[in-house]
Amino acid sequence: MPTVPSDTLHRLTKAICRAVGSSEREAALVADHLVAANLAGHDSHGVGMLPLYVQSWSEGRLKPNQHAEVVGGKGPILVIDGHHGFGQAIAFEAMELGMAKAREEGAAITALRNSFHIGRIGYWSELCAEKGFASMHYVNVVDNNPIVAMYGAAEPVISTNPYSAAMPGRDGSPMVLLDMATSKIAMGKARVAHNKGTPVPDGSLIDGEGRPTLDPGCMFPERTGALVAMGDHKGSGLALICELFAGALTGGRTLQPEHPRSGGAVNNMLSIIIDPGAINDVEATTREAEAMVKAAKGAKVRDGFDQILLPGEPEAIQRALRSEKGVDVDETSWQEILAAAGTAGVRSDDMEAILQH
Ligand SMILES: NC(=O)c1ccc[n+]([C@@H]2O[C@H](COP(=O)([O-])OP(=O)(O)OC[C@H]3O[C@@H](n4cnc5c(N)ncnc54)[C@H](O)[C@@H]3O)[C@@H](O)[C@H]2O)c1
């Protein structure tokens with residue numbers, strides 16, 4: 001398994017995006033996001049997405065150099081179309097627009113529709129927290145077939161519909177950052193398990209007959225099984241709310257069966273961005289939140305646990321480790337990324353220079 005320095009992954013991602021026609025800025029935004037996902041430990045949403053992006057570009061479903069366009073809204077609401085552009089650039093622009101609106105109004109709601117894959121949703125919470133905003137984000141995934149079975153169902157009707165929320169801290173990093181798929185595991189985690197030949201966690205998959213299984217082989221290369229919604233009936237309910245808020249409220253699309261499935265990975269996202277200073281004295285809010293977080297972290301630890309980790313801490317730990325030692329990329333993913341670079345048109349001498357650097 002190659003261990004690749006993050007700056008090599010960054011250069012490689014930029015070269016692939018430039019080869020499919022992205023501007024320098026767009027290529028840098030995609031590379032910043034994907035490599036940050038790898039550094040946070042989420043390989044499922046890192047550079048391993050590049051083969052899908054290149055394939056979608058070659059099929060005309062992912063369009064380079066699009067921009068987040070405000071197409072409607074009222075008061076604090078901005079309705080934004082992503083025109084099937086690179087989600088890492090589209091959602092970045094949507095968040096910039098949302099934060100500018102929240103500065104004026106005290107809060108903003110961005111209804112982003114029709115963006116190609118927007119990656120790791122926690123990145124958007126982090127971006128808001130960096131500028132002092134609290135935020136929450138409801139996301140759905142359309143254009144592809146459903147892959148997640150709701151509580152009690154033997155077949156999928158929705159997707160992995162991620163949810164993220166963050167409380168801003170003092171230093172520009174979030175005090176707490178929750179970022180999760182509403183399926184028990186993200187699809188990318190099943191892909192990574194399949195590539196590594198390892199089982200998935202208990203209770204995260206059902207096979208084609210609706211029976212629990214540990215084998216990610218029921219999802220690749222042909223999907224016969226389904227991921228299971230997290231948290232039984234409660235997680236299943238949140239997954240459906242993500243589908244409705246992101247898919248219906250934004251004016252995008254849900255995964256209801258009448259829509260065509262063209263095979264892409266289009267995300268819609270409803271984001272709520274709040275300026276804490278519009279509600280209360282920021283110092284008082286921060287002190288109150290810090291006291292609560294300290295109590296949560298300091299609670300007596302249960303048998304079988306070493307410590308209490310708060311949402312966002314596993315990613316911070318991984319970031320510290322991986323920034324130092326590089327990112328382990330499984331051999332299958334690595335070969336697929338190199339093949340995608342070839343398909344995109346990265347020249348072999350450029351490729352050699354990137355990898356030797
Ligand atoms: N763009 C899309 O369509 C899409 C779809 C699904 C998921 N995703 C992304 O996939 C990524 C992975 O999602 P996931 O659900 O597999 O994440 P995960 O299960 O690894 O983590 C979920 C949350 O739990 C926290 N956490 C993890 N381990 C913990 C522990 N031991 N103690 C306390 N807290 C802990 C994490 O900090 C995180 O906030 C996310 O970044 C998500 O945004 C994107």
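One-based numbering, in listed order, for ligands and for the atoms of each.
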Linked, directly or transitively: V47 and L52 (ILVMFWY side chains, under 4.5 Å):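 Shared cluster, yes.
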Any side-chain heavy-atom pair of L177 and E315 under 4.5 Å: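 SC-SC contact between L177 and E315 ruled out.
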Heavy-atom check, side chain of R191 versus side chain of M219, under 4.5 Å: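 R191 does not reach M219 side chain to side chain.
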Taking only non-hydrogen atoms of [X], do any sit less than 4.0 angstrom from ligand 1?
{"X": "G119", "value": "yes"}
{"X": "I308", "value": "no"}
{"X": "D179", "value": "yes"}

Backbone N/O of G264 and side chain of D143: donor-acceptor pair under 3.5 Å: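 Between the backbone of G264 and the side chain of D143 there is no qualifying donor-acceptor contact (under 3.5 Å).
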Near-ring test F220/H194, centroid separation under 6.0 angstrom: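 Yes; F220 has its ring centre under 6.0 Å from that of H194.
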Side chain, backbone, both or neither: which part of [X] comes within less than 4.0 Å of ligand 1 when only heavy atoms are counted?
{"X": "H42", "result": "side chain"}
{"X": "M187", "result": "neither"}
{"X": "N267", "result": "side chain"}
{"X": "V141", "result": "side chain"}

Contact bool for atom 16 (O) of ligand 1 (protein heavy atom, d < 4.0 Å):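 Yes; the ligand atom in question has protein heavy-atom contact below 4.0 Å.
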Only heavy atoms count here, so choose which of [options] is nearest to [atom].
{"atom": "atom 37 (O) of ligand 1", "options": "H45, M269, E315", "value": "E315"}
{"atom": "atom 27 (C) of ligand 1", "options": "A316, P314, A91, A40", "value": "P314"}
{"atom": "atom 6 (C) of ligand 1", "options": "T160, V148, N144", "value": "T160"}

NZ/K325: more than 12 non-hydrogen atoms of other groups inside 6.0 Å: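 Yes.
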Plane angle bin for F116 and Y53 - parallel if under 30°, tilted between 30 and 60°, otherwise perpendicular: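 Rings of Y53 and F116: perpendicular, as their planes differ by over 60°.
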